[in-house]
Structure formats: structure tokens, C-alpha cells
Engineer: 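The following block contains the structure, expressed as C-alpha cells.
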Amino acid sequence: MEKAVSKILGEIHEDGEGFYALWRGVRLYSVFQGVYGLAQRRPVGFEALIRGRKADGKILTPGEILAGASGLEDLVTMDRLFRAIHLHNFVRFRTRGVWVFLNVHPEVAIHGRKYGAFFGHLLSYLGLSSWEVVIEILEAGIGERSDLLEASRYYRSMGCLIAVDDFGAGHSNFDRIWMLRPEIVKLDRMMISQATRNTDLRRVFPEIVSLIRSSGSLALAEGVEVPEEGRMILETEIDLVQGFLFGLPRTEIGLSSSPALDKAMEGIRSQQSETGENRDLERIVRGLLSVSRELRPENPVLSETMLRSLFGLDPRLIRIFVLDGSGCQIGENLSRSRITDKGDPRFLPLMETRRADWSRRSYFREAIRRPGEVVISTPYLSTTGAHLCRTLAICVGEENTFRILCLDIDMTGPGR
């Protein structure tokens, strides 16, 4: 066995509470917090966290423990000891088919190999498969791109999964995600907390999640603590969740579901089907379906009766326009005053929309693919009004005479 591994294993002890180590008068032990798969509705992994207990019973956090390191070699030894304690306890529960998430100190991730091979030998000694281990790299703590890439390559070469921790904090950016191609991206808890209070951030948060997933990574929301954060998370395509709302860190590992997660998921289903914006849009959808039956390809002009009917559906409806089968606009935008929306004068060069080509818009492409159905866009900045809106569209007629009736809904009002 490698000398570096033997040195660490000599510090590990076991009693009725599990595996632990004594380090400078402090008892070091593991606690595990569940990482839940939203589709699976159960824990799919556990993050291992170190805790220290002094002789007087005072509990120390990881930061307080690491603050006692006297140099890089000392830091490497402590970090390795933490991981050895965690993996001994993980194996003690004979938990198969789930991941264990391990934090690696940024300095150790960069320089640890200078002090001898360790982690691969430790996995072999404990009989753990490398795919069971997710290495969390705090990218904000590794300044150089080359160091960050080399650290991730080292652990990935063993077969471990890589998770980027605290994404959205500090100088995090998608450039590093595309460079590292981690299997998991952990969204910083402060971003999640702020998104529940900031309507602009909340509106784009699902798009951040979508971009992470489109990049080939699973999106994990960490630090979810209160029901409002849970509800917001469940409105996105987030893959994994973790936080006090779903389960506190414990010395034991259990595979039971989280009652809080079950309750939150049932609540969001009820909310989506019975209340809120979806219900409001259903009223507009029904009205749009009704009016669209009166729109004739040979005469795409909306009558006064049709306009009054549409604008009466919802005060948020600000703009109506019609496209032909190629995506070009027929006529001008129609607002409640029957004139083109004035909008923000700074965007005046974009406001003339007669014969404008909207064929690249997702709502047009979807409407053409699904004639007779109402499609709804995600929120976006309208170039004709310089505000956030969603577009509802429906395609009527036959292939050579398609007309697409479009309604813009203002998304900048209170609570939107």
C-alpha cells in the first residue's frame, strides 16, 4: 500500500458512532446530506461533510477546522483525512447505487499529487467503484484555467464524476463550464435565494438551468432552505436538489424519500393546474382558439368585433399581429388604441414592423408545425415595445395559405 494511504489510515478509528479521527484534540466525523433526484423522488447521492467536536462539546465547521492548517503539506494531510473518514463511513452503510459527493480543497486539487498518490489507492482499499464518487471542485478557488482543467482531468481519469460547486457565485461563468464539461453543476444557494426575491432573476433562472443542461451537465440546486425556494426550483427543469428543506445533514445514510420534497412536488402540481399564470393564460388560449376560427386566409384583417373580443380577454394583452406562412408580418401591430405601440423611443428604429420577418421566432416555427394549436413562447425582450413579453400564436388555414395570429402578453407587471 502506498505510504501516503497508510499514513492516513493509521489515523482512522471506529466506535459505535462510526469512523472518526482525532486531530489535535478535535474529534473529526462525517455527516451526510441527501441529494435528491426530482424524477426519481428519492436520494440519488449524499454529500459528505466534515464536522469537528472539541472536548467541551463545541462543534466546529469545516472552515474552522481547516483554519488550523499550518501550510500546504498540513492542508493536504487534513483534506485527505477528511475524505478517508467520509468514505469509510459511506462504505459502512453498504449503500450501493448512489453517489457520494466529496469536496476537495482547491489547493489540494492543484498540488496534492506532489505528496504521493492517494485517492485511487484509497478507493481500491475500500472496494469502492470510482463511478460512485463525485468530486466537487470549487472553481472560484482555482484561479488559473489550466490548473482547473488539470485538476478535473486528474479525478476524471480515475473514473470519478466531476461537479462544479457554487456556480453563480464570484466569477463563475459558462466559459468554464464549457471548458470543464462537468457531469454536475451545483447552483450557488445565494443565486437561488435571490431569485425568489428578484422577479427579473426568477424569470431567467429557468433559462440558466436549461443552458446548463444543454451544455451536457446535470443541474443541481443546493442550499434550498425554505418552501418558496423549493417551489421556484420545481418550476424549472432542475435535475437534482439538496438543502435543509429536504433533509438535514445526518451521521446515518437512509434511502427513504423526503416528505418535504413529496409535499412540495404535490403543491406545485396543484398550483400549476388550479392557480396562477397558467390558469390566466388558459383563458386567453380559449379566446384565441375561438377568434382564430373566424380568421380567413383570403382576408387576414381582424374585424372590430374580433379585436374587442381579443383585447377583452386580459389587460396584459398589449399587441396583436398576423403573419403569413413564411413568417412575414401582414399589416402593422395593433394595440388597444388601434395604432402601433409607441414603446421605448430608444428602440424607434425597430418599431416599423410591416413586412417584418419573424420566421426565426420559436413561436412561429412551433405554430407552423402544429396548425390549429395555441403555442406559447418563453418570456423575451420585445423589440417593438422594449419590454418583456410572451407571444401566443396559432396557425390557421391550409399549407399554401397559412395565417398565424399572434398575441403579445406584457410580462413586466407586478409579480411577473
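Everything numeric here is computed off the predicted structure, so don't read it as measured data.
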Engineer: Among Ile162, Val164, Leu218, which residue meets the side chain to side chain contact (heavy atoms under 4.5 Å, CB included) test with Glu183?
Structural biologist: Ile162
Engineer: For the pair Arg41 (side chain) and Gly37 (backbone), establish whether a donor and an acceptor sit closer than 3.5 Å, ignoring hydrogens and angles.
Structural biologist: no
Engineer: Are any non-hydrogen side-chain atoms of Met191 and Gln194 less than 4.5 angstrom apart?
Structural biologist: no
Engineer: For Met78 and Leu66, work out which heavy atoms get closest and say how close.
Structural biologist: CE-CA, 3.9 Å
Engineer: Please step through side chain to side chain contact (heavy atoms under 4.5 Å, CB included) for the pair Val241 and Val35, ending with a clear verdict.
Structural biologist: CA-CA 6 Å; Val241 294; Val35 174; over 6 Å; no
Engineer: If you count the non-hydrogen atoms of other residues, nucleotides and ligands that lie under 6.0 Å from CZ in Arg369, is the total more than 12?
Structural biologist: yes
Engineer: Which atom pair, heavy atoms only, marks the closest approach of Leu122 to Val5?
Structural biologist: N-CG2, 4.3 Å
Engineer: For the side chain of Ser290 and the backbone of Arg286, is there at least one donor-acceptor N/O pair under 3.5 Å apart?
Structural biologist: no
Engineer: Which value, rounded to the nearest 0.5 Å, describes the distance between Arg202 atom CZ and Asp200 atom CG?
Structural biologist: 12.5 Å
Engineer: Hey, does the side chain of Gln329 reach the backbone of Gly331 with a donor-acceptor pair shorter than 3.5 angstrom?
Structural biologist: yes
Engineer: With a cut-off of under 6.0 Å to the ring centre and 45° to the axis, is Arg42 in cation-pi contact with Tyr36?
Structural biologist: no
Engineer: Short question: side chain of Arg156, backbone of Leu161 - any donor-acceptor pair under 3.5 Å?
Structural biologist: no
Engineer: Does the side chain to side chain contact (heavy atoms under 4.5 Å, CB included) test come out yes or no for Val375 and Phe364, once each step is laid out?
Structural biologist: CA-CA 9 Å; Val375 300; Phe364 169 76; over 6 Å; no
Engineer: What pairs with Ser359 under side-chain hydrogen bond (donor to acceptor under 3.5 Å, both in side chains), at least two apart in sequence or on another chain?
Structural biologist: Asp357
Engineer: Look up atom NE2 in His88 and atom OG in Ser30, then write down how far apart they are to the nearest 0.5 Å.
Structural biologist: 10.5 Å
Engineer: Apply the test side chain to side chain contact (heavy atoms under 4.5 Å, CB included) to residues Ser362 and Arg365: give CA-CA distance (whole Å), side-chain angles for both, the deciding distance (0.1 Å), then the verdict.
Structural biologist: CA-CA 5 Å; Ser362 61; Arg365 297 196 299 267; 4.1 Å; yes
Engineer: How long is the gap from CD1 on Ile376 to CZ on Arg390, to the nearest 0.5 Å?
Structural biologist: 6.0 Å
Engineer: Residues two or more places apart in sequence or in another chain: which of them pass salt bridge (Lys or Arg N to Asp or Glu O under 4.0 Å) with Glu73?
Structural biologist: none
Engineer: Measuring only between side-chain heavy atoms, which start at C-beta, is Phe244 closer than 4.5 Å to Val224?
Structural biologist: no
Engineer: So which heavy atom on Thr391 is nearest to which on Cys406, and how close?
Structural biologist: CG2-CB, 4.1 Å
Engineer: Any sub-3.5 Å donor-acceptor pair from Ser210's side-chain atoms to Pro206's backbone N or O?
Structural biologist: no
Engineer: Taking Arg316 for its side chain and Cys389 for its backbone only, find out whether a donor-acceptor pair lies under 3.5 Å.
Structural biologist: no
Engineer: Exactly one of Ile394, Leu392, Leu323 should register a side chain to side chain contact (heavy atoms under 4.5 Å, CB included) with Leu405. Which one does?
Structural biologist: Ile394
Engineer: If you draw the axis of the six-membered ring of Tyr29, does the NZ or CZ of Arg51 fall within 45° of it and under 6.0 Å from the ring centre?
Structural biologist: no
Engineer: Classify the ring geometry of Phe46 against Phe32: parallel below 30°, tilted from 30° to 60°, perpendicular beyond 60°.
Structural biologist: perpendicular
Engineer: Contact between Ser152 and Ile137 at the side-chain level, heavy atoms closer than 4.5 Å - yes or no?
Structural biologist: yes
Engineer: Can you measure from NE2 (His86) to CG (Leu102) and round to the nearest 0.5 angstrom?
Structural biologist: 6.5 Å
Engineer: Which heavy atom of Ile177 sits nearest to which heavy atom of Phe167, and what is that distance?
Structural biologist: CG1-CE1, 3.6 Å
Engineer: Please work out which of the three classes, parallel, tilted or perpendicular, describes the rings of Tyr363 and Phe321, given edges at 30° and 60°.
Structural biologist: perpendicular
Engineer: Report the residues that fulfil side-chain hydrogen bond (donor to acceptor under 3.5 Å, both in side chains) with Lys58, sequence neighbours left out, ordered by chain and then residue number.
Structural biologist: none
Engineer: Side chains of Tyr20 and Leu28: closer than 4.5 Å at any heavy-atom pair?
Structural biologist: no
Engineer: Atom CZ of residue position Arg53 - does it have more than 12 heavy atoms of other residues, nucleotides or ligands inside 6.0 Å?
Structural biologist: yes
Engineer: If I take atom CG from residue Leu407 and atom CG from residue Leu317, how far apart are they, to the nearest 0.5 angstrom?
Structural biologist: 5.5 Å
Engineer: Is it true that Arg355 and Asp324 make a salt bridge, defined as a side-chain N closer than 4.0 Å to a carboxylate O?
Structural biologist: yes
Engineer: Can you tell if the side chain of Val396 reaches within under 4.5 Å of the side chain of Ile404, non-hydrogen atoms only?
Structural biologist: no
Engineer: Just by distance, do the side chain of Thr236 and the backbone of Ile238 share a donor-acceptor pair under 3.5 Å?
Structural biologist: yes
Engineer: Quick one: is the NZ or CZ of Arg113 closer than 6.0 Å to the six-membered ring centre of Tyr154, and within 45° of its axis?
Structural biologist: yes
Engineer: Is a side-chain donor or acceptor of Glu150 paired with a backbone partner of Ser146 at a separation under 3.5 angstrom?
Structural biologist: no
Engineer: Would you call Lys186 and Glu222 a salt bridge, taking side-chain N to carboxylate O under 4.0 Å as the test?
Structural biologist: yes
Engineer: What pairs with Arg213 under side-chain hydrogen bond (donor to acceptor under 3.5 Å, both in side chains), at least two apart in sequence or on another chain?
Structural biologist: Glu237, Asp239
Engineer: Would Arg370 and Glu366 pass as an ion pair if we require N to O under 4.0 Å?
Structural biologist: yes
Engineer: Decide yes or no for Glu225 and Leu245: does some side-chain heavy atom of the first lie under 4.5 Å from some side-chain heavy atom of the second?
Structural biologist: no
Engineer: Closest approach of Leu289 and Gly372, non-hydrogen atoms and distance?
Structural biologist: CD2-O, 3.6 Å
Engineer: Could you tell me if the side chain of Leu38 sits less than 4.5 Å from the side chain of Leu234, heavy atoms only?
Structural biologist: yes
Engineer: Check for a donor-acceptor pair, side chain of Asp165 on one end and backbone N or O of Glu136 on the other, with a separation under 3.5 Å.
Structural biologist: no
Engineer: Is there a side chain to side chain contact (heavy atoms under 4.5 Å, CB included) between Leu180 and Leu149 once you walk through the steps?
Structural biologist: CA-CA 6 Å; Leu180 293 178; Leu149 187 58; 4.1 Å; yes
Engineer: For the CG atom of Asn103 and the CZ atom of Phe82, what is their distance to the nearest 0.5 Å?
Structural biologist: 10.5 Å
Engineer: Would you check if Phe311 and Ile320 make a side-chain contact, meaning some heavy-atom pair closer than 4.5 Å?
Structural biologist: yes
Engineer: Where do Ile135 and Val104 come nearest, in terms of heavy atoms and distance?
Structural biologist: CG2-CG2, 3.6 Å
Engineer: Without swapping roles, check the side chain of Asp79 against the backbone of His105 for a donor-acceptor pair under 3.5 Å.
Structural biologist: yes
Engineer: Among side-chain atoms of Arg153 and Ser157, is any donor-acceptor pair under 3.5 angstrom?
Structural biologist: no
Engineer: Which side-chain N or O atoms in residues 127-134 pair as donor and acceptor under 3.5 Å with protein atoms at least two apart or in another chain?
Structural biologist:
{"unit_1": "Ser130", "atom_1": "OG", "unit_2": "Met158", "atom_2": "O", "d": "2.9"}
{"unit_1": "Glu132", "atom_1": "OE2", "unit_2": "Ser129", "atom_2": "N", "d": "2.9"}

Engineer: Sort and list the pairs that fulfil ring pair (Phe, Tyr, Trp, His ring centres under 6.0 Å) and have at least one residue in residues 192-233, not counting sequence neighbours.
Structural biologist: none
